[in-house]
Protein chains: 2
Amino acid sequence: MSVSLKDVAERAGVSIKTVSNVVNNYPHVTPAMRSRVQRAIDELGYRPNLTARHLRKGRTGILALAVPELGNPYFAELAGAVIDAAAEHDYTVLLDHTGGRRAQEVLVSQGFRAQVIDGLILSPIELEREDLLARDHDAPLVLLGEREYDLPYDHIAIDNVAAARTAVRHLLGLGRSRIVFLGARTDRVNQPSQLRLRGWRAELTAAGLTAPDSLVAATGGWEHADGASAMAAVLDAGERPDAVFAYNDPIAIGAMRVLSERGLRVPEDVAVVGFDDISEGRYGAVTLTTISPDKHTIARLAVRCVVERLRGEPGPAGTDGITGPGGARELRADFRLVERESTIGGRARTAG
Amino acid sequence: MSVSLKDVAERAGVSIKTVSNVVNNYPHVTPAMRSRVQRAIDELGYRPNLTARHLRKGRTGILALAVPELGNPYFAELAGAVIDAAAEHDYTVLLDHTGGRRAQEVLVSQGFRAQVIDGLILSPIELEREDLLARDHDAPLVLLGEREYDLPYDHIAIDNVAAARTAVRHLLGLGRSRIVFLGARTDRVNQPSQLRLRGWRAELTAAGLTAPDSLVAATGGWEHADGASAMAAVLDAGERPDAVFAYNDPIAIGAMRVLSERGLRVPEDVAVVGFDDISEGRYGAVTLTTISPDKHTIARLAVRCVVERLRGEPGPAGTDGITGPGGARELRADFRLVERESTIGGRARTAG
DNA sequence: TTGAAAGCGCTAACAG
DNA sequence: CTGTTAGCGCTTTCAA
């Protein structure tokens with residue numbers, strides 16, 4: 001087995017407590033004692049047993065992050081940002097993926113991997129209000145992605161309606177008027193998809209245009225293939241859109257593929273805007289205009305929320321958020337529109 | 001606090017040990033006693049404290065997986081596969097990313113996150129033989145990605161040389177002869193990049209062609225931008241290649257972008273083959289021919305190796321591997337060439 | 001088949 | 001400033 005505090009104590013001829021004090025940088029230790037103990041530590045190659053420490057303190061130093069799918073670059077990039085943000089607070093991240101399936105999301109929120117984690121950051125897709133109400137687990141939970149819960153959980157998102165309106169406004173400003181929304185989800189409410197659809201509708205209406213259902217295309221999932229088939233369905237239905245606003249980048253890219261197969265030029269015939277700003281969008285034959293959420297801020301805020309709850313200091317909502325029911329915080333991260341070839345054309349070399 | 005074994009024992013009027021027996025499905029417990037204890041467990045909502053259990057047993061049930069970059073879809077997809085494979089063995093995965101930086105890789109291999117993990121799966125980029133020799137940590141380590149170590153660590157990879165030869169052979173079969181290798185790394189040995197370059201050279205030579213250095217382009221990194229700039233550099237140098245074999249898919253896609261900017265058609269003027277088979281390659285304007293490593297097998301083998309070492313049963317190397325120094329196993333996963341538009345042209349609708 | 005007790009390695013009171 | 005002691009919740013001898 002590995003060396004323990006006791007071994008070090010014996011070696012240094014002091015008590016366990018003293019060694020512990022040194023290890024934990026307890027202030028009131030004489031320099032002489034400290035160096036003596038330190039030498040024993042070095043000689044024995046002592047390293048604290050975190051499991052024991054955690055048992056004692058009741059915490060593990062591990063946060064879980066559950067996203068729908070790691071294969072989606074947006075979530076992969078977000079996960080990377082969360083890992084880095086957690087490291088700054090001396091937390092380690094345990095990653096999980098739910099496939100966006102409600103059953104799996106419920107499992108995770110209930111603390112499936114629990115007992116091992118201090119807190120949980122969850123990016124739900126299908127999770128319902130009632131699932132959260134039934135949650136019986138004391139680890140702090142922070143939700144990612146906007147939804148209209150009135151539940152006592154901290155909650156971090158960009159303003160999806162505003163972001164969608166920004167995207168649509170951009171298209172309108174380019175003189176487009178038949179703008180398809182690709183990636184609606186009809187079987188659930190409260191999801192980002194619904195909010196983006198709402199933004200699409202609001203902006204069209206504000207411009208004095210109609211927002212017919214024939215321009216709203218549902219998708220079964222959120223990947224390239226889903227965007228491709230939805231786009232094909234719209235065209236096959238005889239629609240002649242002059243622009244597409246997609247739920248996310250993979251859907252937008254799948255759609256562009258189909259447009260080009262059908263001989264439609266992007267952006268001349270059909271302009272396309274995506275959502276998420278994944279790196280893939282920066283290097284296609286036609287680079288993708290997209291809404292870029294501030295992933296690093298999202299990650300930082302999420303980790304901060306969990307850590308503060310853990311410390312028992314929920315703190316004020318701050319300037320960037322409002323306090324909701326049960327002291328839950330609604331935090332907003334920024335977003336911006338990144339204009340690339342799929343809307344404004346041009347052919348900048350290896351555009352950024 | 002949560003309920004402990006003791007609480008359950010009191011409630012059921014039995015000893016702690018008996019409750020423990022029930023929880024752990026110890027065989028010799030009378031059905032009557034079992035159901036009585038089980039009722040107490042249910043009533044109190046008891047859940048075992050894993051930290052305590054782990055302290056006692058000396059294991060945590062957590063495996064770490066360290067990859068260079070989660071933002072690279074290949075590693076994100078691989079990570080997902082590892083998480084699933086680990087779950088089958090009741091292990092949880094803690095994810096880390098090293099940025100492919102040697103210092104970070106050394107840190108991780110030394111057990112930076114250690115004391116918390118039972119085993120480690122590492123996909124190194126810059127890690128050197130000597131770093132591993134100096135490793136002083138008892139958690140089993142499994143290496144991902146082929147390299148020519150003679151070190152006592154299990155090791156899982158596809159045959160990079162053979163894969164590269166397959167790719168180049170495909171291009172030669174299409175009548176191409178000036179095949180650029182994009183993504184060489186000159187500053188290190190022992191890396192997959194070196195092996196793929198070797199395969200490229202071997203296949204060209206076998207075909208009676210020369211393999212001039214002017215057709216080998218180094219890249220600073222492994223992303224789209226690196227492929228784009230390397231491709232541009234080759235063209236700017238006055239080379240007129242009729243094919244490109246890229247170290248990985250992002251590099252290949254970055255290169256295709258530049259080719260198209262320069263008015264070169266893919267595959268008519270320049271055929272392109274990538275490596276990794278990331279989903280992005282299936283939906284560009286021109287879908288990407290690529291080498292597809294069997295990620296699920298890699299993940300499954302890696303987890304199996306760690307778990308077996310943990311159980312102290314390294315087992316035979318099996319039919320798919322050979323035993324190396326110190327009983328280390330060299331396991332091979334399969335790969336296959338996926339032919340798409342970037343080499344064979346065509347315009348199948350939303351090709352798979 | 002079940003109970004009692006020891007102890008994994010650490011931290012936190014409380015003494016000294 | 002440092003030592004003693006008592007657990008955190010669990011598994012695991014060893015008895016009964």
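Below, chains carry the letters A, B, ... as their sequence lines are ordered, and counting in each starts from 1.
Nucleotide dT11(D) holds its P atom 12 Å from the CZ atom of R59(B), rounded to whole Å. Atom CG in N21(A) sits about 8 Å away from atom C1' in dT2(D), given to the nearest Å. Summarising the geometry, the separation between CG on D7(B) and C1' on dC8(D) is reported as 13 Å, rounded to the nearest angstrom. When the P atom of dG9(C) is taken as reference, atom NE2 of H54(A) falls 16 Å away, rounded to whole Å. The distance from atom CE of M33(B) to atom C1' of dT2(C) is 7 Å, rounded to the nearest whole Å. Atom pair E10(B):CD and dG9(D):P shows a separation of 13 Å (rounding to whole Å applied).
With dG3(C), dT2(D), dG3(D) as the candidates, the nucleotide lying closest to the side chain of S15(B) is dG3(C).
With 3.5 Å as the limit, one finds a donor-acceptor pair spanning the side chains of R59(B) and Y91(B).
Among residues two or more places apart in sequence or in another chain, the side chain to side chain donor-acceptor pair (under 3.5 Å) test is passed with R11(B) by E43(B). A search for side chain to side chain donor-acceptor pair (under 3.5 Å) contacts involving R56(B) returns nothing, not counting sequence neighbours. Considering only residues two or more places apart in sequence or on other chains, N21(B) meets the side chain to side chain donor-acceptor pair (under 3.5 Å) condition with K17(B).
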Without placing hydrogens or testing angles, list every side-chain donor-acceptor pair under 3.5 Å for residues 75-90 of chain A, not counting sequence neighbours.
| from | atom 1 | to | atom 2 | distance (Å) |
| --- | --- | --- | --- | --- |
| E77(A) | OE1 | K295(A) | NZ | 3.2 |
| D84(A) | OD1 | H97(B) | NE2 | 3.0 |

Discussion item. Does the protein touch nucleotides 11-16 of chain C at the base, only the backbone, or not at all? Give it as B, S and - per nucleotide, heavy atoms under 4.0 Å.
Written reply: BBB---
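In this structure, L95(B) and V93(A) have side chains that are not in contact, with every pair of non-hydrogen atoms separated by 4.5 Å or more.
Two residues, T18(B) and K6(A), neighbour DNA chain C, and the one matched to the more 5' nucleotide by heavy-atom proximity is T18(B).
We find the CZ-CG distance between R102(A) and L107(A) to be 13.0 Å, quoted to the nearest 0.5 Å.
A sub-4.0 Å separation between OP1 or OP2 of dC8(D) and a side-chain N or O of S4(B) is absent.
A donor-acceptor pair under 3.5 Å is absent between the side-chain atoms of D42(A) and the main chain of R39(A), judged by distance alone.
Axis deviation across the helix from dT1(C)-dA16(D) to dG16(C)-dC1(D) amounts to 40°, comparing end segments of five pairs, rounded to 10 degrees.
Ion pair E308(B)/R329(B) flagged as a salt bridge, since at least one NZ, NE, NH1 or NH2 atom sits closer than 4.0 Å to an Asp/Glu carboxylate oxygen.
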